[in-house]
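Here is the structure we will look at.
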Amino acid sequence: FNAITNSHVEAANYPFATINPNVGTVAVPDKKVEDLVKLFNPKRTIFTAFEFVDIAGLVKGASKGEGLGNQFLSHIREVEAIVHVVRCFEDENITHVEGSIDPIRDISIIDLELILADLDTLNKRITKTEKAAKGDRGLQKELELLLLLRETLESEKPIRSLQFDDPDTQKLVKSYQLLTSKPVLYAANIAEEDIGQEDSNQHLNKICDFAKDQEAQVIWICGKIESELLELSLEEKALFLEELGIEASGLDRLI
């Protein structure tokens, strides 16, 4: 998060180093805009920007109150997409809350917690709609949709696995702000020594295979390298990336 947003939030070697969500805004680099600026020399240039919301680590059992519980998930109800950073490097000096490195297990833990959070949201909505539908037949169709969504989650599938052609249905599903309806990008955090030979990282390969079934995308980043790049000038950054044999930094590829 610090590397992406050039922030200085605490990143410590223990769970829940950050409790409150951190928010950072980053401009999207765009060479076409830069070329236009040279042509027209405007008084002001505004690049497209992304706002990233970094939430505290989610642990197994959060929906039942473990760790910090999942109350902080409300902070990402309104985001457009979820970037799931997954550890894909071995380092005995950096703790892992589960005690070992297993990216698919880690993803599954998060997915299940998001499903449980969405189930809680849907159950409340269903109870409310069932009562209202008794006096309003127009709500019956929405109730059927809510029951379909719940059935999908109960089979441990995300809402994004469903396809709705009807624009009104799409709009209704979006209004529920369900976490599992959002598109997901997996950012695999690899070790510095894996750069240039990413195919040999078995953890990364497992995520790529997993993401195909999920219709999700995967990029690799090296958090350690990205944090070092923050300290460099543009010229030094370009030279450093060239030495590593990388065309663009993980940050640029992520954006």
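Numbers for residues simply follow the sequence, beginning at 1.
- Between atom OG1 of residue Thr121 and atom CG of residue Leu146 there is a gap of 11.0 Å, rounded to the nearest 0.5 Å.
- Closest approach of Pro103 and Val86 over heavy atoms only: CB-CG1, 3.5 Å.
- To the nearest 0.5 Å, atoms CG (Leu114) and CG (Leu119) are separated by 11.5 Å.
- Note on Arg77 versus Asp118: salt bridge recorded, some NZ/NE/NH1/NH2 to OD/OE distance being below 4.0 Å.
- Using cut-offs of 30° and 60° on the angle between ring planes, the pair Tyr186 and Phe210 is perpendicular.
- Listed here is the closest heavy atom pair of Glu80 and Lys182: O-CB, 4.3 Å.
- With Ile115 as reference, Thr180 is the one residue of Thr152, Leu178, Thr180 to meet the side-chain contact (heavy atoms from CB on, under 4.5 Å) rule.
- The two atoms that bring Val28 and Phe47 nearest to each other are O-CD2, 3.4 Å, heavy atoms only.
- For the residue pair Leu229 and Ser249, the shortest heavy atom distance occurs at CD1-CB, 3.8 Å.
- Comment: Lys38 does not engage Glu34 in a salt bridge, judged by the lack of any side-chain N to carboxylate O separation of less than 4.0 angstrom.
- Using a distance-only test at 3.5 Å, with no hydrogens or angles considered, no donor-acceptor pair links the side chain of Asn205 to the main chain of Ser200.
- Of the possible polar contacts, one joining the Asn201 side chain to the Cys88 backbone as a donor-acceptor pair under 3.5 Å is found.
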